[in-house]
Amino acid sequence: MSNVLVRHRSISELEFYRNACELRGTLTRFVMNEKNVPKRYKFVFAVPMANLLLELFNNITMANTIYAISEHEAQLRRDYQTKAIANCEQALQLLQYMTDTLPIDVNKLKIPIDLIKKEIALLKAWRKATKAPAKE
């Protein structure tokens with residue numbers, strides 16, 4: 001437990017990763033629940049969503065493993081961060097497709113959509129903070 005008061009805590013340096021973990025669990029449980037996605041639609045919605053979430057984590061991991069010591073490495077890191085943002089946008093589009101196709105209660109999607117929007121904001125802030133080292 002942290003000794004810092006909640007009102008004095010700031011966003012963690014790896015908040016985007018923690019939020020992505022929560023997003024992955026929430027969306028996986030949602031698409032694998034047969035009440036939300038019937039068995040015959042698993043290959044249309046559940047498998048692509050699982051692949052998107054895997055790709056999101058791969059891009060976050062790749063970006064996080066690059067320690068930018070040159071402009072090229074900083075640009076490479078930004079590229080992976082941009083791909084992770086794109087994965088979140090694709091997940092939103094897949095959820096929209098699901099609501100157009102299946103009789104899903106849109107209220108059930110409020111939490112996953114909020115998590116995706118938060119993830120996009122966190123990833124954009126992380127990308128903005130990625131800077132190449134100053135030239136000596």
**Item:** Spacing of Cys88 atom SG and Asn59 atom CG [to the nearest 0.5 Å]
**Value:** 10.0 Å
**Complete:** To the nearest 0.5 Å, atom CD of Glu119 lies from atom CG of Leu92 at 11.5 Å
**Request:** Report, as yes or no, whether the 6.0 Å neighbourhood of atom CG on Leu54 holds more than 12 heavy atoms from other residues, nucleotides or ligands.
**Result:** yes
**Item:** Gap between atom CE of Met49 and atom CG of Asn51 - 0.5 Å precision
**Value:** 11.0 Å
**Message:** Looking at every heavy atom in both Arg18 and Glu15, which two are closest together, and how far apart are they?
**Reply:** NH2-OE2, 2.6 Å
**Prompt:** Which heavy atom of Ala91 sits nearest a heavy atom of Ile116, and at what distance?
**Reply:** CB-CD1, 4.0 Å
**Item:** Distance (rounded to the nearest 0.5 Å) between Cys21 SG and Phe16 CZ
**Value:** 10.5 Å
**Message:** Between Val47 and Leu52, is there shared hydrophobic-cluster membership here, with clusters defined by ILVMFWY side-chain heavy atoms closer than 4.5 Å?
**Reply:** no
**Prompt:** Do Asn58 and Glu55 have a side chain donor and acceptor closer than 3.5 Å?
**Reply:** no
**Asked** Should we say atom NZ of Lys42 is surrounded by more than 12 heavy atoms from elsewhere, each under 6.0 Å from it?
**Response** yes
**CG on Asn36 to CD1 on Ile104, rounded to 0.5 Å** = 6.0 Å
**Prompt:** Any chain of hydrophobic side-chain contacts (each under 4.5 Å) joining Leu102 to Met32?
**Reply:** yes
**Message:** Angle between ring planes, Phe57 versus Tyr17, binned at 30° and 60°: parallel, tilted or perpendicular?
**Reply:** perpendicular
**Prompt:** Is there a side-chain contact between Leu123 and Ile120 (heavy atoms, below 4.5 Å)?
**Reply:** no
**Request:** Would you kindly confirm whether Leu53 and Ile113 end up in one hydrophobic cluster when ILVMFWY residues are joined by side chain heavy atoms under 4.5 Å apart?
**Result:** yes
**Request:** Specify the closest pair of heavy atoms between Asn19 and Leu122, including all atoms of both residues, with the distance to one decimal.
**Result:** CB-CD1, 3.9 Å
**Prompt:** So which heavy atom on Lys35 is nearest to which on Asn33, and how close?
**Reply:** N-OD1, 2.9 Å
**Side chain to side chain, Thr99 and Lys108, heavy atoms closer than 4.5 Å** = no
**Salt bridge flag under 4.0 Å for residues Lys110 and Asp114** = yes
**Leu23 to Pro112 - nearest heavy-atom pair and separation** = CD1-O, 3.9 Å
**Request:** Look at the side-chain heavy atoms of Ile, Leu, Val, Met, Phe, Trp and Tyr, link any pair under 4.5 Å apart, and say whether Val44 and Leu95 land in one connected group.
**Result:** yes
**Prompt:** Less than 4.5 Å apart, any side-chain heavy atom of Lys124 and any of Ile85?
**Reply:** yes
**Request:** Please answer: with hydrophobic residues joined when any side-chain heavy atoms are less than 4.5 Å apart, are Leu115 and Leu94 in the same cluster?
**Result:** yes
**Request:** Starting at NZ of Lys131, measure out to CD of Glu71 and round the result to the nearest 0.5 Å.
**Result:** 11.0 Å
**Request:** Would you check if Thr65 and Tyr80 make a side-chain contact, meaning some heavy-atom pair closer than 4.5 Å?
**Result:** no
**Complete:** All heavy atoms of Met98 vs all of Phe45, minimum pair found to be CG-CD2, 3.1 Å
**Request:** Compute whether any side-chain donor of one residue and acceptor of the other, for Gln75 and Arg78, lie under 3.5 angstrom apart.
**Result:** yes
**Item:** Non-hydrogen side-chain atoms of Arg29 and Thr26 separated by less than 4.5 Å
**Value:** yes
**Side-chain touch Arg77/Trp126, heavy atoms, less than 4.5 angstrom** = yes
